[in-house]
Amino acid sequence: MKPIILINNLIDQHKDYIKCKDKKCSICTEIKKLSAPLNKDSSGKRIRQLLSKGKDITTSDVQFLVESGARKMDIRKALGMGAPQFVEFLDDIGLKGKREVDEEMKLSKVEYENFKAIGKTDAQIAEEIGVSDATIYNYKKKWSQEGKTKSVKTKEYQETKKRVAAVVKIDENLEKALRLRIKELEQQAKEYPERINKVESLEEANIDLGNENSRLLLLVNKKSEEIKQLKDAATDLEEEIHDLKKEVQLYKDKSIGWIEQSQLYVRENEKITNEYQDLKNTLVNICRENKLTKALLKEVL
């Protein structure tokens with residue numbers, strides 16, 4: 001199972017994860033162990049991003065920074081707090097761990113007071129922690145100045161505390177939204193193989209459609225060529241029909257003359273026929289007269 005899923009399940013099991021103060025809590029330990037590889041590459045960048053927020057740093061941001069190994073002095077300066085206020089602030093939000101000692105200081109006020117309680121002098125303390133007597137003097141001067149400004153800083157701390165408390169609820173809502181988003185991503189991860197199969201099926205279908213499209217394009221091109229040939233043939237046929245129409249019209253025009261001439265021939269033929277019939281009748285009459293004449297001559301002779 002993926003680390004992010006395991007972490008989410010552990011957070012669900014540990015409802016008070018953010019507020020948990022038990023250093024021996026097995027669930028918190030396991031969450032930190034699983035989170036370490038995830039934060040390894042991006043923790044430095046994340047730390048710088050959170051520190052750049054300044055006084056807008058939230059409680060969860062502070063928790064992340066502390067757990068990621070960010071210097072407490074950097075966190076304190078980003079929040080604009082003094083060292084005592086910052087220690088109290090960490091205590092209030094359940095992150096009181098080791099005391100904060102400024103990076104430039106090798107001794108805290110509490111440690112100094114403990115040394116003094118057992119009777120050690122400033123010179124002995126300086127020698128033990130590896131600094132000069134002047135450094136111990138500067139430490140004491142700084143602690144004195146911090147004491148004088150404590151009352152002023154306390155008011156600022158209270159305001160910061162109220163502001164941080166106000167955004168805790170926002171952090172909780174953000175956490176719920178993130179958990180919901182994680183569940184959505186888990187669901188998407190479960191559906192991922194099925195979606196891949198669908199995509200592959202669609203790709204295969206797309207390839208088949210592409211092949212079919214290519215085949216249809218070739219067929220369309222072939223049909224287009226055939227249509228072009230038919231159009232050309234139709235054009236030739238139209239021209240031939242046009243020529244034939246001209247010839248038919250010419251023949252029609254000639255046939256009118258032939259009809260008129262044939263009608264003339266018919267009239268002339270009728271006239272000749274009539275004349276022939278009259279001539280025939282005349283010859284028949286002449287033949288009769290000849291017969292009569294021969295008969296008369298026979299009788300006379």
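The model shown is predicted, which means the values in this text are computed figures rather than measured ones.
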Rounded distance (nearest 0.5 Å) linking atom [atom1] of [X] with atom [atom2] of [Y]:
X: Lys252; Y: Lys245; atom1: NZ; atom2: NZ; value: 10.0 Å
X: Asn290; Y: Leu297; atom1: CG; atom2: CG; value: 10.0 Å
X: Lys222; Y: Leu216; atom1: NZ; atom2: CG; value: 13.5 Å
X: Ile259; Y: Leu264; atom1: CD1; atom2: CG; value: 13.5 Å
X: Phe86; Y: Lys77; atom1: CZ; atom2: NZ; value: 12.0 Å
X: Phe64; Y: Thr59; atom1: CZ; atom2: OG1; value: 15.0 Å

I'd like to know if the side chain of [X] and the backbone of [Y] have a donor-acceptor N/O pair within less than 3.5 Å.
X: Asp61; Y: Ile57; result: no
X: Ser255; Y: Tyr251; result: yes
X: Glu127; Y: Gln124; result: no
X: Glu111; Y: Ser108; result: yes

Any idea which heavy atoms bring [X] and [Y] closest together, and the distance?
X: Leu107; Y: Ile129; answer: CB-CD1, 3.8 Å
X: Cys25; Y: Thr29; answer: O-OG1, 2.8 Å
X: Asp133; Y: Asp122; answer: OD1-O, 4.3 Å
X: Met81; Y: Arg76; answer: O-CG, 2.8 Å
X: Ala78; Y: Leu51; answer: CB-O, 3.8 Å

query: What residues, two or more places apart in sequence or in another chain, satisfy ring pair (Phe, Tyr, Trp, His ring centres under 6.0 Å) together with Phe115?
result: none
Any Glu128 side-chain heavy atom under 4.5 Å of Ile125 side chain: no
- prompt: With a 4.5 Å heavy-atom cut-off, do Thr58 and Val62 have their side chains touching?
  reply: no
Taking distance alone, no hydrogens or angles, what donor-acceptor pairs closer than 3.5 Å link side-chain atoms of residues 266-278 to residues at least two apart or in another chain?
unit_1, atom_1, unit_2, atom_2, d
Thr273, OG1, Asn269, O, 2.5
Asn274, ND2, Glu270, O, 3.1

Determine whether the side chains of [X] and [Y] contain a donor N or O and an acceptor N or O closer than 3.5 Å.
X: Tyr265; Y: Gln261; result: yes
X: Thr235; Y: Asp232; result: no
X: Glu225; Y: Asn221; result: no

field: Listed once per pair and sorted, the salt bridge (Lys or Arg N to Asp or Glu O under 4.0 Å) pairs that draw on residues 209-220, sequence neighbours left out
entry: Glu212-Arg215
message: Counting only heavy atoms not in Lys223 (residues, nucleotides, ligands), do more than 12 fall under 6.0 Å from its NZ?
response: no
